[in-house]
Amino acid sequence: MSAASAALAGPRPASPTVRPGRWRLLHVLVSAAVVSLPLLRPSGPGNTGLVDLALLAAVFVGTVRASALALPVRLPYALPTGLAMAAGAVAVTVNGGQPGVVGRGAVALVQDLFVFAWAAVIATIGRDHRVLDSLCRAWAYSATGWAALMIIGELTGIAWLSGITERDGVRASLTLGDPNLAASYFVCGLLVMRAARRPRHTWGRRLACAVVATAVVLTLSNGGILAMLVATALGGLITLARRRGAIVALAAGALLAFGAVTTVSTVDVRSWVDPAGQSSPWIRDSLGREAESSGSRSTVAAETARLWLEAPNPFGIGPASTEPTLRAAQAPYVKEAHDDYLAALVERGALGGFALALLIAAVAVRARRISVADGVGPAHRKVVPRPELLVAAAVAVGLSGFIYEVLHFRHVWALLGLIAALELSGRRR
């Protein structure tokens, strides 16, 4: 086209990618929110922390920016989250006469809405690959930095930095307040780092991965370490399927599964763990407590299932009400459900279980789409060259849900928002 024709045609329509200057504040706030994800101690009312101030700022500014620039608002997981909140509200209404049900239910519903808004903002502003790049860089580098700080605290004996408490023995948790939560955060950070290939330099990235993996081990969370190993193997199998075909990947997966089952069924770990645990607090607080942990989880699961079977109605006992209900029933072992799947059924009833199934399906569909060769937009593919590792992270989160409740973890919903943003980039294409 000639210059004269171009002049007559008028200005070209604006690119859907917004100018960097308008997003500068949002870049900073989203990065700050991701960096502050571990800042849960000291905690405030309703298990709030300093991180929530950063998340609130990012959600508010992200919403205002999206509105001002007329960006299409993305609400991934809106249906399952709405159904879960409705189920919780119904359970609170039906059981409102029980002590504390209304207060606990209100806090849980606010938490539902808050983490959903956090994921929705990431999915909405993630239409600009540069914002998503800022998020991934902040997550990768901050996870490495927090892991390094926890390791320093462990080596120097600084308890407030390592997060070691009398209650948890020698298990580190940084400022997250719980070793299992800390392990989940670091596992997700490790997989985001590998998916985004940050740092870009190969040896720098390997060193960062080693630091974060060491932090996972220092939590002595058996579930976290298992999730890290499973996610790593699954990520490799997905990559193998893309390069060599599904049959080769299935064969490799079957071989790995057979080896794992054979090892678990034939090796008597207790024979050397029990003597070693007498002299090593590391073994005592990791493998040494596995029998006790498995027994307590089975007891809690049985008692929680009994609550469901003996419930007077199908609407659930109310969000976050498992522990007080067991205490009121004088159950022999009183604890929270420590299982998202049982908790959804018992606390929010059949509708809550259905909502959780819908959420799993929604994540699975998006994960399937981003794992194929052309499932992510070209610009977003440069930000996250290996999105299949985010799929592995989602599977690790799903497995962790059988061991402890993860659905209110802020970093889990950041991961779900990131997966949704990548899937939407491929759908627009």
Side-chain angles (χ1 to χ4, degrees), residues 40 43-49 52 77 79-118 167 176-178 180-181 184 223 293 295-360 397-398 400-410 412-413:
L40 299 178
S43 61
N47 204 28
T48 55
D52 295 314
Y77 321 115
L79 179 59
T81 303
L83 286 177
M85 293 181 66
V90 170
V92 168
T93 303
V94 171
N95 300 278
Q98 302 295 327
V101 170
V102 175
R104 290 189 300 269
V107 170
L109 294 180
V110 170
Q111 290 173 339
D112 289 344
L113 182 61
F114 181 64
V115 293
F116 167 70
W118 169 229
R167 182 192 65 183
L176 289 110
D178 181 86
N180 292 325
L181 172 54
S184 175
S293 297
S296 63
R297 280 196 296 271
S298 299
T299 303
V300 170
E303 292 178 350
T304 306
R306 183 168 52 81
L307 287 179
W308 162 251
L309 294 173
E310 297 177 358
N313 59 69
F315 303 112
I317 60 176
S321 294
T322 298
E323 184 175 353
T325 302
L326 289 174
R327 184 179 294 109
Q330 297 183 337
Y333 197 81
V334 178
K335 267 196 171 184
E336 285 295 343
H338 288 288
D339 184 321
D340 274 316
Y341 307 96
L342 271 177
L345 277 172
V346 172
E347 297 179 354
R348 306 193 188 214
L351 183 58
F354 178 65
L356 180 56
L358 274 184
L359 177 62
I360 294 171
V397 168
S400 300
F402 287 104
I403 303 173
Y404 39 87
E405 296 177 63
V406 302
L407 283 182
H408 281 157
F409 289 177
R410 296 154 182 86
V412 167
W413 283 88

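Summarising the geometry, atom CG belonging to N180 is positioned 12.0 Å from atom CD belonging to E405; distances are rounded to the nearest 0.5 Å. Taken to the nearest 0.5 Å, the CG atom of D339 stands 4.5 Å off from the CG atom of L342. In this structure, OG1 on T48 lies 9.5 Å from CZ on F114, to the nearest 0.5 angstrom. Rounded to the nearest 0.5 Å, atoms CD (Q111) and CE (M85) are 11.0 Å apart. To the nearest 0.5 Å, atoms CG (L345) and CD1 (I317) are separated by 11.5 Å.
Minimum heavy-atom separation, A108 to R348: CB-NH2, 4.1 Å. For P319 against R104, the heavy-atom pair with the smallest separation is O-CB, 3.8 Å. Residues G105 and V92 share a closest heavy-atom pair of CA-CG2, 3.7 Å. Residues V115 and L407 come closest through the heavy atom pair CG2-O, 4.4 Å. Of all heavy-atom pairs between G316 and A91, the closest is O-CB, 4.0 Å.
The shortest distance between side-chain heavy atoms of L113 and L109 does not fall below 4.5 Å.
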When you look at S400 and F409, which way does the side-chain contact (heavy atoms from CB on, under 4.5 Å) test go after all the steps? CA-CA 12 Å; S400 300; F409 289 177; over 6 Å; no
Check against side-chain contact (heavy atoms from CB on, under 4.5 Å), L358 and L83: CA-CA 9 Å; L358 274 184; L83 286 177; 3.5 Å; yes
D178/Y404 under side-chain contact (heavy atoms from CB on, under 4.5 Å): CA gap, chis, key distance, verdict: CA-CA 11 Å; D178 181 86; Y404 39 87; 5.9 Å; no
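Checking D112, D340, N47 one by one against H408, the side-chain hydrogen bond (donor to acceptor under 3.5 Å, both in side chains) holds for a single residue, D112.
Within a 6.0 Å sphere centred on OH of Y341, other residues, nucleotides and ligands contribute more than 12 heavy atoms.
For W118 (side chain) and R410 (main-chain N/O), a donor-acceptor pair under 3.5 Å exists by modelled atom type.
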